[in-house]
Structures are given as C-alpha cells and as structure tokens.
Amino acid sequence: AKACERALDRDPSPEQAVLLEIRRARYLAEAGRLADAVKAWERFFDRHGDRPGLLPYYEEALRIAEKAGKRRAQETFARAVERLRPPPATGETNRPGS
C-alpha cells in the first residue's frame, strides 16, 4: 500500500492513478486493514465516480465495508450497486416447450 501511495505522489497519468488507487484499496483489505480499505475505496469513488464500468468495484467495496462493519459506507456502496446494476431482462423466457 505504501508503494502505491509513493507512486501516487509522483503525479501519475490519470489511468495509472486509477489503477494505483484500486491496488491500494485491495492491498489494505488483504492486509486486514478493512477500515482503511473502505476509506481508500471512498476516496477512489470521490475522485473517479464518473468513470464507466465501476459496478464491480462498488460490489468489491461493498463486501469490504460489510466485513468492516462500516454501515454508512455499506449504504452508499449498496445504493451505487443498485443504480449501476442493469435491470433484469423482461419479456419471453426460454421455457421448455415454448
């Protein structure tokens, strides 16, 4: 996590910054520093929340927030997951005999 922080201090490109921040949050979670990982995810979403393709990251962050018992973050991440998750398919289903 510290290596990611040092790399972020070196003015990385926007894409590198995204990858470094994701890596940092994951390292913190793997190290058992769940509260710090939740903060890292919150910071990531504050900075990059308008990017496409964030659903899997919100889902990952939600699992960590649940493990950490961070209720407010859980609620925020769960709302984002619901907002970003595609609606279920409607119409005909592929039932046998149809």
Side-chain angles (χ1 to χ4, degrees):
K2 289 188 184 213
C4 291
E5 289 174 20
R6 284 192 301 273
L8 285 166
D9 288 341
R10 293 186 187 127
D11 196 29
S13 73
E15 288 304 313
Q16 288 173 324
V18 166
L19 295 174
L20 287 166
E21 289 183 49
I22 291 168
R23 192 171 296 147
R24 181 177 184 274
R26 288 176 173 168
Y27 284 151
L28 290 167
E30 289 170 11
R33 295 175 54 191
L34 300 180
D36 290 332
V38 169
K39 288 178 188 175
W41 279 118
E42 289 172 326
R43 185 170 41 247
F44 171 79
F45 295 126
D46 285 344
R47 293 178 181 171
H48 308 289
D50 59 344
R51 298 178 62 84
L54 292 179
L55 177 59
Y57 301 112
Y58 273 111
E59 290 171 332
E60 183 176 345
L62 176 58
R63 288 189 299 271
I64 293 167
E66 288 170 345
K67 287 180 185 176
K70 296 292 186 179
R71 178 71 117 205
R72 184 172 292 160
Q74 287 178 46
E75 293 168 359
T76 300
F77 298 156
R79 280 193 303 274
V81 166
E82 289 303 314
R83 179 175 38 87
L84 295 171
R85 184 173 285 149
T90 58
E92 288 292 316
T93 60
N94 291 331
R95 289 178 290 194
S98 320

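Note: hydrogens, waters and symmetry copies are ignored here, and every other heavy atom, side chains too, is used.
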K.L.:
Rounded to the nearest 0.5 Å, what separation is found between the CD atom of Glu60 and the CG atom of Leu54?
P.N.:
12.0 Å

K.L.:
Quick one: are Tyr57 and Arg26 in side-chain contact, heavy atoms under 4.5 Å?
P.N.:
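Answer yes - side chains close enough.
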
K.L.:
Does Glu15 have any side-chain contact (heavy atoms from CB on, under 4.5 Å) partners at least two apart in sequence or in another chain, and if so, which?
P.N.:
Ser13, Arg51

K.L.:
Name every donor-acceptor pair, under 3.5 Å, that has one atom in a side chain of residues 61-79 and the other anywhere in the protein, sequence neighbours excluded.
P.N.:
unit_1, atom_1, unit_2, atom_2, d
Gln74, NE2, Ala65, O, 3.4
Thr76, OG1, Arg72, O, 3.1

K.L.:
How long is the straight-line distance from CG of Leu28 back to CD of Glu30, given to the nearest 0.5 Å?
P.N.:
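Going from CD on Glu30 over to CG on Leu28, the span is 9.5 Å.
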
K.L.:
If you look at every heavy atom in Leu55 and Arg85, which pair is closest and at what distance?
P.N.:
CD2-CA, 4.0 Å

K.L.:
Please tabulate, one pair per line, all N/O donor-acceptor pairs under 3.5 Å involving side-chain atoms of residues 36-43, not counting sequence neighbours.
P.N.:
unit_1, atom_1, unit_2, atom_2, d
Asp36, OD2, Arg33, NE, 3.0
Asp36, OD2, Arg33, NH2, 2.9

